Amino acid sequence: MKGDRVEIVVDAGDTTRTYEVVASRAGRRVETAVRRGVVEVSEVTRNGTVVRTARFMATRVLALVEQPVPREDGSERPAS
C-alpha cells in the first residue's frame with residue numbers, strides 16, 4: 001500500500017547508515033526477503049513486478065524496521 005516503508009540500518013565500518021525503501025504509488029507494497037546471506041528489500045506492484053530492489057549483506061544489517069501505513073479504521077486491509 002502506498003506509504004508503506006522499510007528502514008534498513010547498516011554497519012558502515014566506523015558509523016551506521018540508514019536507508020529507506022518506500023511504496024511510492026498506490027497499489028505498490030514493500031517486500032523483504034533474506035536469501036543466501038543477502039537481505040533484499042523490494043518495491044512491488046499489484047501483479048508482482050519488481051520496481052526497485054535494495055540489497056545488503058546480512059552480516060552488515062543491524063536493524064530492519066517495517067513501518068506500515070496506519071489504517072483509518074484500525075484494520076490491516078483497506079475497505080473495498
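Position 1 is the first residue of the sequence, and the numbers go up from there. This one's a predicted model, so the numbers in the text were calculated from it and none came from an experiment.
- Considering only heavy atoms from C-beta on, I8 stays 4.5 Å or farther from V39 through its side chain.
- Note: the hydrophobic cluster containing V21 also contains L64 (ILVMFWY, side chain heavy atoms under 4.5 Å, direct or indirect links).
- Grouping the Ile, Leu, Val, Met, Phe, Trp and Tyr side chains by contacts below 4.5 angstrom, directly or via other members, places V9 apart from V41.
- For V30 against A23, the heavy-atom pair with the smallest separation is CG2-N, 3.6 Å.
- Taken from CZ in R35 to CZ in R55, the straight-line distance is 9.0 Å, to the nearest 0.5 Å.
- Heavy-atom minimum distance, E43 versus R52: OE1-NE, 2.6 Å.
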Kindly indicate, with the supporting measurements, whether the criterion side-chain contact (heavy atoms from CB on, under 4.5 Å) is fulfilled by V34 and V61.
-> CA-CA 11 Å; V34 180; V61 175; over 6 Å; no
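- Scanning both residues, T45 and R29, for their nearest heavy atoms gives O-NH1, 3.0 Å.
- Here the closest heavy-atom approach between residue R60 and residue G13 is recorded as NH1-N, 4.3 Å.
- If you take CG on D4 and CZ on R28, they are separated by 13.0 Å, rounding to the nearest 0.5 Å.
- Atom CG of L62 is separated from atom CZ of R17 by 13.0 Å, given to the nearest 0.5 angstrom.
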